[in-house]
Amino acid sequence: MSKRILWKDAWQAITHSLGRFIAIFLLMAVSAFALIGLKITGPDMRQTATSFFAQHHLADTTITSNYGLDSRDRQIIRQQKSVKQVDFGYLQDSTIDQTNRALRIFSQTNGVSSWQTVSGHLPHHDDEIAVSYLLKGKYHIGQWITLKQAGSLKHRQFKIVGFARSSEYLDRSDIGQTTVGTGQLSGVAVVKKSAFKTGTAYAIARVTYNQTAKMNPYSSRYTNYVEKQQQQLKKALNRHGKTKQQKLERQLKTAQQQLTQATQQAAVFQQTNAAGNSALIQQAAALKKQQAKLKQLGTPTYTLSDRTENPGYAIYRSNAERVDILANVFPVLLFAIAALVSLTTMTRFVEEERIQIGTLKALGYSNADVAKKFALFSLLASSAGVALGAWGGFMVLPKIIFKAYAANSTLSGFQIHFSWALLLTTWLIAILCTTGAALWALHRDLQAKPAALLLPKPPKGGSRILLERWHWLWNRLSFNYKVTMRNLFRYKSRALMTIFGVAGCTGLLVMGFGIRDSLSGISNIEYSRIIKYDLIAVQDSNSSAKQQRQLKDELNGKAVKGHTGIYFEQLTKKAGDDDATQSISLIVPNNEKNFKQYFAVKNRQTKKSLKLPQDGVIISEKLARLLNVKKGSSIKLKDASGKWRTMKVAGIMEMYIGHYVLMSPQAYQKIFHQSYQTNAQLITLKKGAKLQPESQRLMATGAVKGINQNVNNQRTIDNIMGSLNRVMIILIGLAALLALVVIYNLSNINIEERMRELSTIKVLGFYDQEVTLYIYRETVILSVIGILLGYLVGIGLHRFIILSLPPANAMFDPTMTLTNFIVSALIPAVITAGVAMAMHRKIRSVDMLDALSSVD
C-alpha cells in the first residue's frame with residue numbers, strides 16, 4: 001500500500017496542531033536550556049581556569065620564611081625529586097607617595113606564575129614597573145610613581161610601562177593585608193629581578209611538580225599529591241631551620257656579650273675622653289639593633305602554601321561547584337514537569353486521532369505505520385526544542401553565569417566547550433518525555449479492534465464524590481460549584497497533571513525567591529547586628545614604648561568611638577567536601593562586658609545571648625556544620641605555630657560569614673597552656689570618621705603590624721552574593737516561563753478535550769462569561785491546590801539549596817519572608833488570569849452545532 005498519504009497526513013498534523021507543537025517545543029527548549037547550560041557551566045569555568053593556570057605555569061607550592069631563603073634553603077628545595085621547576089624571587093610592600101594605596105611589588109619570574117600583559121609591556125629596565133590592570137583607571141602608561149618605602153628595592157621612582165594580570169591574584173577586591181599604608185593592599189605590581197638589591201636573601205620560592213601538569217588541579221588526586229610533597233619539603237626545611245636556630249642563638253649570645261663589653265668600654269672611655277667615644281657608642285647602638293632584629297624575627301619558620309591560599313582561587317572553585325549543585329536540582333525538576341505535561345499533551349493528541357487510527361487499521365496499515373504520525377510529531381517538536389535549548393545552553397547561559405561570577409574575579413577569556421554526551425543525553429531524555437509518552441498512550445489504542453476505535457470514546461460517567469457525603473457543605477454549594485467539584489474528580493489524570501505542573505513551577509519560584517531572601521542583607525546583618533566594630537588592629541609586640549604611647553593617643557583620638565583589647569590569632573583546620581584549609585579567627589576578649597558592645601554572641605534559633613565559659617569555646621554555626629559537631633563535642637584546631645589545640649564546644653553562635661572561635665581568658669590559659677595577654681584592639685569609629693585615613697594613622701604609629709577592615713570583608717561578601725543573586729534571577733525567569741507554558745498548555749488541552757461539553761452548555765443558554773467560568777473555575781481551584789503544594793516543594797528545595805550552595809566559609813540566612821510566598825503565588829496566578837483571557841476568546845468561538853452533531 002502507498003505510504004505517501006501517511007507521510008502527508010503526518011506533516012499536516014504539525015500545522016493542524018500548531019499550538020500543541022509549539023507547547024512541546026517550548027517545554028523541551030526551556031528544559032534543555034537549563035540542563036545543558038547549568039551542567040556545562042561548572043566544567044567550562046574550571047577548564048577556563050585550568051587553561052589559564054597551565055598557560056602561566058601557576059606554582060603548585062610557594063615557600064616563604066621569616067628569615068628569607070638562604071643558599072641552603074634553595075639547595076634543599078631544588079633537591080626534591082618531585083620538583084619540576086623552581087623560581088626564587090623578591091617582594092616588597094610599599095605605598096605610593098601622596099596616596100594611601102599600598103602595592104605588593106614582585107620580581108619577574110622565570111616561567112613560573114608568569115604575568116599576563118593587558119596593555120603596554122613588562123619592565124625592561126630596573127626603573128620600570130607594570131602594575132595590576134585593576135589600577136588602570138588611576139594611573140596611565142608613562143606615568144612616574146614614587147614609593148615611600150624602598151626597602152630592598154634599588155629605586156624609589158618607577159615608570160609605569162604596562163598593566164598586567166597576575167596569575168596568583170584572582171580576587172578583584174580582597175588582595176590581602178600588608179604592614180604599610182592602611183594595612184590593606186590596593187594592588188600588585190612587577191619589576192625586573194635586578195631592580196632589587198643584590199645580596200639580600202630571596203623572599204619567596206615558587207615550585208611546580210613533575211606530576212601535576214597531567215592532573216586536574218581541582219581533583220582530590222592533585223590536592224593529595226601536592227599536600228604530600230609539601231609535607232616532605234617542610235620536614236627537610238624544618239631540619240635546616242633547627243640548625244639555623246642554633247646558629248642564631250649563638251649569634252644572639254655573642255651579640256649580647258659584645259654589647260655588654262662595648263657598653264662598659266664606652267662608660268670607661270667617656271670618663272677619660274668624652275670626645276672620642278662616638279665610635280663605641282655607634283658600635284653599641286648597632287649591636288642593640290642587631291639584637292632587637294633577631295628577637296623580633298624569632299624562631300626560623302617556613303610557610304608552605306598551595307594554590308588555595310592565592311586570593312580568589314578557592315572562591316572561584318567554590319563558585320563553579322555552586323553551579324554544579326544547582327545543575328543537579330533545577331533541571332531535574334524542569335524535566336519532570338515537562339515530562340508530565342508532555343505526557344498529558346500527547347495522550348490528548350492520541351485520543352483526538354482515535355477514529356483516524358481505527359480507519360487506518362481497518363485499511364490494513366500496520367501499527368508501525370499508524371505510529372509514524374505521532375512519532376514524527378513528537379520527534380520534530382522535541383528535537384527542535386532541544387536544538388534551540390542546546391544552543392542557548394552551550395553558548396548563552398554559561399557566559400551569563402560566568403559574567404555574574406567574574407564580577408569579583410580577575411579571570412577572563414571564558415572558554416566554551418561542547419559535549420556530545422551531554423547533548424545526546426538531553427535529547428534522549430526529551431525523546432522519552434515526548435515520543436515515549438506518545439507511543440505509551442498509543443499502545444492502548446493499537447491493541448483495540450478497528451470497530452471499537454471507529455466509535456468516539458464514550459465520555460467519562462459521573463459518580464458520587466466524597467464531598468457529597470458532607471451534607472452540611474454540599475447543600476450550601478451552588479449548582480455551578482457542584483458541577484465543578486464533580487468534574488475535578490471526573491478528569492483525575494488531567495487534574496493531577498495541573499496540580500503537579502503548577503506545584504513544580506511554584507516550588508521553583510519559592511526556591512529561587514527564597515535563595516534571594518537568604519542572600520539579601522547577609523552582609524548588613526553580619527556587620528551591623530553581629531559584628532559591630534569597624535576594624536581589628538593587630539599590635540606589634542616588639543614596638544617601643546614611644547610607639548605604644550602613640551597608639552594609645554590615637555585610640556583615644558577624635559575619630560575613635562571606642563576600643564577594647566582582645567587576643568587575636570588565626571587558627572586553621574581542613575574541612576568541607578573538598579577538604580580545603582579553613583581560616584578560623586580566634587578572639588579572646590579582655591573584658592567580656594565591654595566585648596558585647598562590639599560583638600553580639602547569641603544563638604540563632606533561641607536568640608539568647610551566650611556567655612563565654614571558663615572551660616570551653618563558642619564556635620560559629622557554619623564551622624559547627626563543617627566539623628559536624630554540636631554542643632558538648634570536642635574539636636582540634638591548629639594554631640599559628642602548627643600545634644594542635646583540643647577544645648570543647650560549649651555553644652554555637654549565629655554567624656553567616658567566616659569562621660570564629662570565642663573563648664574567655666581562663667579557657668585560653670587552659671587550652672593553650674600559656675598566660676593570657678592582649679595583642680589586638682577591636683575599634684569602632686565615630687559617625688563620619690573615614691576608615692582609610694584612620695587605618696593609615698594607626699599603622700603610622702609603628703605599634704600596629706596589621707589591620708583587618710570590615711569594609712573589605714563586606715565588599716567581598718556583597719560581590720559573592722551579588723553573583724549568586726544574578727544567577728537566581730535567571731533561574732526564576734526560567735521557572736516563570738515554564739509556568740506560562742504549562743498553564744497555557746493544560747488549559748488549552750482542557751478546552752479542546754471538552755469542546756462538545758462546552759457547546760452543549762451554550763445550547764442550554766449559558767452566556768460566554770459563564771461558559772468560561774464553568775471550565776476555568778476548575779483551573780483556578782487546581783492552580784490554588786498546586787500553589788499550596790508548591791509551597792511545600794519550594795520550602796524543601798530551599799532548605800536543601802541553602803545547606804549545599806554556600807561556600808565553605810559562609811552560611812545563608814534560612815529565613816523565608818512572606819513576600820516570597822506572595823510573589824511566588826502571584827506569578828502563576830497572573831499567568832492563569834492571562835491565559836484565561838486568551839482562552840475566553842477561544843470559548844466564545846465554540847460552535848453550538850457541535851452539540852447537535854451525531855456521535856455515531
Side-chain angles (χ1 to χ4, degrees), residues 41-42 44-60 62 91 93 101-106 108-109 112-122 129-141 160-178 184-191 204 206 217-218 305-323 398-416 712-724 726-727 807 809:
T41 298
D44 278 355
M45 289 177 68
R46 283 186 287 271
Q47 187 57 48
T48 297
T50 300
S51 299
F52 179 80
F53 300 150
Q55 179 186 353
H56 295 281
H57 305 285
L58 182 63
D60 297 310
T62 57
L91 63 89
D93 288 0
R101 297 190 188 101
L103 291 180
R104 178 158 293 165
I105 303 165
F106 292 96
Q108 277 183 257
T109 61
V112 182
S113 296
S114 61
W115 292 65
Q116 182 184 57
T117 304
V118 176
S119 61
H121 59 82
L122 294 178
I129 189 171
V131 300
S132 169
Y133 78 101
L134 298 174
L135 299 172
K136 201 171 185 179
K138 298 178 175 64
Y139 302 97
H140 60 84
I141 292 177
I160 297 175
V161 295
F163 293 99
R165 177 183 284 110
S166 169
S167 56
E168 295 178 325
Y169 287 78
L170 304 183
D171 199 298
R172 285 175 175 265
S173 55
D174 185 17
I175 301 172
Q177 296 179 329
T178 179
Q184 307 294 319
L185 287 172
S186 300
V188 292
V190 60
V191 297
I204 185 171
R206 298 177 176 93
Y218 293 106
S305 305
D306 57 23
R307 292 180 178 183
T308 60
E309 297 184 46
N310 292 347
Y313 184 96
I315 291 176
Y316 184 86
R317 179 180 68 183
S318 178
N319 287 339
E321 291 170 352
R322 305 288 77 79
V323 179
K399 286 183 179 179
I400 295 173
I401 295 177
F402 176 78
K403 188 176 180 181
Y405 281 124
N408 195 43
S409 174
T410 62
L411 273 176
S412 61
F414 183 61
Q415 297 183 6
I416 296 173
N712 289 334
N713 301 335
Q714 193 167 359
R715 191 185 302 121
T716 302
I717 294 163
D718 288 339
N719 286 333
I720 295 171
M721 299 310 172
S723 301
L724 281 172
R726 286 187 284 271
V727 173
N809 65 338

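We number each residue from 1, following the sequence as shown.
Two residues are said to be in side-chain contact when any heavy atoms from C-beta on lie closer than 4.5 Å; K138 and S186 fail this criterion.
Of all heavy-atom pairs between S114 and S167, the closest is O-OG, 3.1 Å. The two residues I175 and Y169 have their closest heavy-atom pair at O-CE2, 3.3 Å. In this structure, F163 and S132 approach most closely via the heavy-atom pair CD2-O, 3.7 Å. What you find for F414 and K399 is that their closest heavy atoms are CE2-N, 3.9 Å.
At distances below 3.5 Å, not a single donor-acceptor pair connects side-chain atoms of T308 with backbone N or O atoms of A314. For the pair T109 (side chain) and V112 (backbone), a donor-acceptor distance under 3.5 Å is present. Judged by distance alone, the side chain of R307 and the main-chain N or O of L58 form a donor-acceptor pair under 3.5 Å. Judged by distance alone, with hydrogens and angles left aside, the side-chain atoms of Y133 form no donor-acceptor pair with the main-chain N or O of S119 at under 3.5 Å.
Every side chain to side chain donor-acceptor pair (under 3.5 Å) that S51 has, sequence neighbours left out, goes to Q47, Q415. By the ring-ring contact (aromatic ring centres under 6.0 Å, His included) test, H57 is found to be paired with no residue, residues two or more places apart in sequence or in another chain being considered. Among residues two or more places apart in sequence or in another chain, the side chain to side chain donor-acceptor pair (under 3.5 Å) test is passed with T410 by none. Partners of S318 by side chain to side chain donor-acceptor pair (under 3.5 Å), not counting sequence neighbours, listed by chain and number: R322. The ring-ring contact (aromatic ring centres under 6.0 Å, His included) search around H121 returns H124, not counting sequence neighbours. A search for side chain to side chain donor-acceptor pair (under 3.5 Å) contacts involving Q55 returns nothing, not counting sequence neighbours.
A parallel orientation is assigned to the rings of Y218 and Y313, their planes being inclined by less than 30° (bins at 30° and 60°).
Note that OG1 of T50 is 11.5 Å distant from CE of M45, once rounded to the nearest 0.5 Å. To the nearest 0.5 angstrom, S113 atom OG is 7.0 Å from N310 atom CG. Interatomic distance, CG of L411 versus CZ of F52, reported as 5.5 Å (0.5 Å rounding).
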